[in-house]
Amino acid sequence: MTATETAIGEPDWRRAADLVEGAGTLALACHVSPDGDALGSMLGLGLALARSGKKVVASFGDRMFEVPRLLRFLPGQDLLVEPAAYPAEPELMITFDASTMERLGLLAPHAGKAGELLVIDHHVSNTRFGTVHLVDPSAASTTMVAEELIHRLGLPVDRSVATCLYTGLVTDTGSFRHSVTTPAAHAMAGRLLETGLRPEELARELWDRSPYAYLPVLGAALGRATLEPDAAGGHGLVWTYVTRADRAAQGLPYDEVEGVIDVVRRVDEAEVAVVLKEDDAGGWNVSTRSKGVVDVARACAALGGGGHARAAGFSSALAVADTMAALRPLLTPPPSHLPPPHPHRTEP
Ligand code: AMP
Ligand code: MN
Ligand code: MN
């Protein structure tokens, strides 16, 4: 990524670099229930800084502080501390892939008390809740912004740092399949591969392994998938859910069901796909995906969540049917996409 291609101005890059270079201790935090981009951007920059001699702590504000099994291969996890051990009033706090202060969970109060708060993100919905912002909505992943900051700090990207950065890039682009897959995204992948990282090893960790117990849980979820051709303004909705009882019956941890949405979203007859996932405490996390007509970020934001136009989510305390009743009417295409004509509805 070059400066001309980013939405971030030179003064912001300079202020960010000055803050990082001037700080004694750096307190890093990514969004709750961290994904590959959240942990990848935080640990990638964290490792690069720690190797340059900086004192770095990193965390995320989940009550159940645990790195998802899928991401335990990431280097740099020795930088992680539990939220309870996180500095109460960090001199400089840096947030990753979090569009709002609330997405920091238990660490939001720490951000509120930080001397300086550097926000690194790529969500178009970012509320600019910091004192300095490196927010580039045209970046495919937060790791793209992190990589540029590493370069501007003059820090080397070795294979460990590259593994973290590549993980965010490859997960947020859906393995270079989504519309955010720009020439800049591929150029960054090329640079990272120069370090010797093995993309096939990463891909296997991220997508090509599950415990056997996943198969019956996936089967149950797929077996109750519902197609609603008239929903989403006539563009079609497919949805299903995974209960904690489904998982308990097989001894399957919550974070193993992240991939269910990737199967459900294949359905040709549906513009929008939704998977509701019940966590161990009985709350629901809802994943939504669209093929480009319906802005699911807008729908999810209206229900207290957020994300990107084609991939977004929210949390719900309601029962499955009630959550769907709240979501369904929000899945509307823009006026330029009138419902496709149904033959049985046209006037003779
Ligand atoms: P997921 O379905 O969990 O893979 O999330 C897809 C996208 O939606 C990611 O970019 C998340 O950052 C965003 N997202 C998911 N859940 C929430 C939430 N509760 N609040 C805000 N953004 C969310
Ligand atoms: Mn994320
Ligand atoms: Mn991201």
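Read the numbers this way: they start at 1 and go in the same order the structure lists the ligands and their atoms.
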Q. Just which atoms of ligand 1 are under 4.0 Å from any heavy atom in Gly307?
A. 8 (O), 13 (C), 22 (N)

Q: Identify the protein heavy atom lying closest to atom 7 (C) of ligand 1, giving its residue, its atom name and the separation to 0.1 Å.
A: Ala311 O, 3.4 Å

Q | Plane angle bin for His186 and Phe176 - parallel if under 30°, tilted between 30 and 60°, otherwise perpendicular | A | parallel

Q. Salt bridge check: are Arg191 and Glu147 linked by an N-O gap of less than 4.0 Å?
A. yes

Q | Identity and distance of the protein heavy atom lying nearest atom 11 (C) of ligand 1 | A | Arg103 NH2, 3.8 Å

Q.
I'd like to know if the side chain of His123 and the backbone of Gly307 have a donor-acceptor N/O pair within less than 3.5 Å.
A. no

Q.
Suppose you place the vertex at the Mn ion (ligand 2); what is the angle out to Asp35 OD2 and His31 NE2, to 10°?
A. 100°

Q.
Less than 4.0 angstrom from a charged side-chain N to a carboxylate O is my criterion; do Arg159 and Glu194 meet it?
A. no

Q | Proximal heteroatom of Asp97 relative to the Mn ion (ligand 2) (N/O/S) | A | OD2

Q) Can you check whether His308 and His178 have ring centres sitting under 6.0 Å from each other? A) no

Q.
Can you name the atoms of ligand 1, numbered from 1 with element, that are less than 4.0 Å from a heavy atom of His308?
A. 10 (O)

**Q.** Closest candidate by heavy atom, reference atom 14 (N) of ligand 1, pool Gly306, Ala38, Ser287
**A.** Gly306

Q.
So, 2.8 Å as the limit: is an N/O/S atom of His122 located closer than that to the Mn ion (ligand 3)?
A. yes

Q | Numbering as shown, the atoms of ligand 1 that approach Phe314 to under 4.0 Å (heavy-atom distance) | A | 16 (N), 19 (N)

Q) Given the side-chain rings of Phe60 and His31, with only the six-membered ring counted for Trp, is the space between their centroids under 6.0 Å? A) no

Q) Should the pair Glu228-Arg328 be classified as a salt bridge under the 4.0 Å nitrogen-to-oxygen rule? A) yes

Q: Taking only heavy atoms of Gly305 into account, list the atoms of ligand 1 that are under 4.0 Å away from them.
A: 18 (C), 20 (N), 21 (C)

(Q) Pair Cys300, Arg298 - check side chain to side chain contact (heavy atoms under 4.5 Å, CB included), show working. (A) CA-CA 6 Å; Cys300 291; Arg298 216 184 43 175; over 6 Å; no

Q | Arg289, Arg310, His123: member with heavy atom nearest to atom 1 (P) of ligand 1 | A | Arg289

Q: Considering only NZ, NE, NH1 and NH2 on the basic side and carboxylate oxygens on the acidic side, decide whether Arg204 and Glu200 come within less than 4.0 Å.
A: no

Q. Do any nitrogen or oxygen atoms of Gly313 lie less than 3.5 angstrom from nitrogen or oxygen atoms of ligand 1?
A. yes

Q) Taking the Mn ion (ligand 3) as the vertex, how big is the angle to OD2 in Asp37 and OD2 in Asp172, rounded to 10°? A) 90°

